[in-house]
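Keep in mind that this is a model prediction, so the values were computed, not measured.
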Amino acid sequence: MNSAPSAAISVLRQLPFYILLLVVLLFQITPGESLLLGLLVGLFFVQPHPSVVKKSTKYLLQAAVVGLGFGMNFKAVVAAGSDGFLFTLFSLTIALGLGYLLGRWMKLDNAISYLISVGTAICGGSAIAAVSQAMRTDERNISVSIGIVFILNAVALFIFPPIGHWLGLSQHEFGVWSAIAIHDTSSVVGAAAQYGDEALQVATTIKLARALWIIPLTALTARYFKSGNSTSGFPWFILLFLAASAATTYFNFSKEITTPLVSAAKAGFSITLFLIGTGITRDALRKVGFRPMLHGVLLWLIIMSAALSFLLLER
């Protein structure tokens, strides 16, 4: 007897997802606003297709990254990647080392401490997903560490641009800082896009260069945890991003071709951030737990502060 009212209530709880997704699709709203709308759905309503959203978010993000390549000069991309190489290597080493020490100090499970550290060091959820395959750890450790990363990504997207303006960071400085100190590519691009075109180019390039470290780290993880599984899939979309940038630079693609592609890529990032926000639910927040969350926050604050201090001292 109660099936009809229950079905109606379920539909009403799912309706905000479709309405707000339509808002993101039709209106030019900022990445931060897109994420905020997604958070409203995740925390107060229902995301109707979690498995579909999870899979589509991954591919939409990759397509958007490739699209951004059509708006970037290949020579500038290579220069930015080269300039940020040592900084990236240093930050990776510090993040993994500090993450290990914090985990020992807080008496955290080795697996979850390592996953949080990897997510902070390289590229958030993507790195955690790749490395977890090599570890063969349980699903709870994966979901908790990804949940922490997503929460901190949301915070970073809102606070980084105001901090950058307050400190008077240049476009280049902000691009480097956001690429080093924000976990996921989606939030790096979202924050940098709000700061300016140069910041977006620098941040995207350095972040994608960092993402390539997934490959050797996954192999080392398999050896350390003796799982024998070191195959996580090469991030081919990074090569497509470079190919798009090179084609635009050397074949002199006209603005009539590149402008719509870049606009579509930026719109794709807004949709991606909305979908990511819908995955941060109250149930996901409850599962995180205090000590793993504290581990993630402390490690993030240290990396964020150290990278920012280094950039300010280099002036």
Ignoring hydrogens and angles, write down the donor-acceptor pairs under 3.5 Å from the side chains of residues 289-298, residues two or more places apart or on other chains.
unit_1: Arg291; atom_1: NH1; unit_2: Met106; atom_2: O; d: 2.7
unit_1: Arg291; atom_1: NH1; unit_2: Lys107; atom_2: O; d: 3.1
unit_1: His295; atom_1: NE2; unit_2: Gly99; atom_2: O; d: 3.0
unit_1: His295; atom_1: NE2; unit_2: Ser113; atom_2: OG; d: 3.3

Closest heavy-atom contact between [X] and [Y]?
X: Ile238; Y: Ala211; value: CD1-CB, 3.8 Å
X: Leu299; Y: Ala95; value: CD1-O, 3.6 Å
X: Val149; Y: Gly125; value: CG1-N, 3.8 Å
X: Pro161; Y: Ala156; value: CD-O, 4.2 Å
X: Ala127; Y: Ile122; value: CB-CB, 4.0 Å

Distance from [X] atom [atom1] to [Y] atom [atom2], nearest 0.5 Å?
X: Phe160; Y: Asn153; atom1: CZ; atom2: CG; result: 10.0 Å
X: Trp166; Y: Ile159; atom1: CH2; atom2: CD1; result: 12.0 Å
X: Thr272; Y: Leu60; atom1: OG1; atom2: CG; result: 3.5 Å
X: Ile302; Y: Leu102; atom1: CD1; atom2: CG; result: 5.0 Å
X: Ile257; Y: Leu261; atom1: CD1; atom2: CG; result: 8.0 Å
X: Asp197; Y: Gln171; atom1: CG; atom2: CD; result: 7.5 Å

Distance flag, aromatic centroids of Tyr195 and His165, threshold under 6.0 Å: yes

Leu200 vs Lys266, side chain to side chain contact (heavy atoms under 4.5 Å, CB included): CA-CA, chis, key distance, verdict: CA-CA 11 Å; Leu200 177 61; Lys266 290 181 178 179; 3.9 Å; yes

Thr259 side-chain N/O to Glu256 backbone N/O, donor-acceptor pair under 3.5 Å: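 Not confirmed, Thr259 side chain does not pair with Glu256 backbone.
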
Aromatic plane relationship, Trp177 with Phe174 - under 30° parallel, 30 to 60° tilted, over 60° perpendicular: perpendicular

Flag for Thr221-Tyr114: side-chain donor and acceptor within less than 3.5 Å: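 Their side chains do contain a donor-acceptor pair, which is all the 3.5 Å distance test asks for.
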
Heavy-atom side-chain contact between Arg286 and Asp283 under 4.5 Å: yes

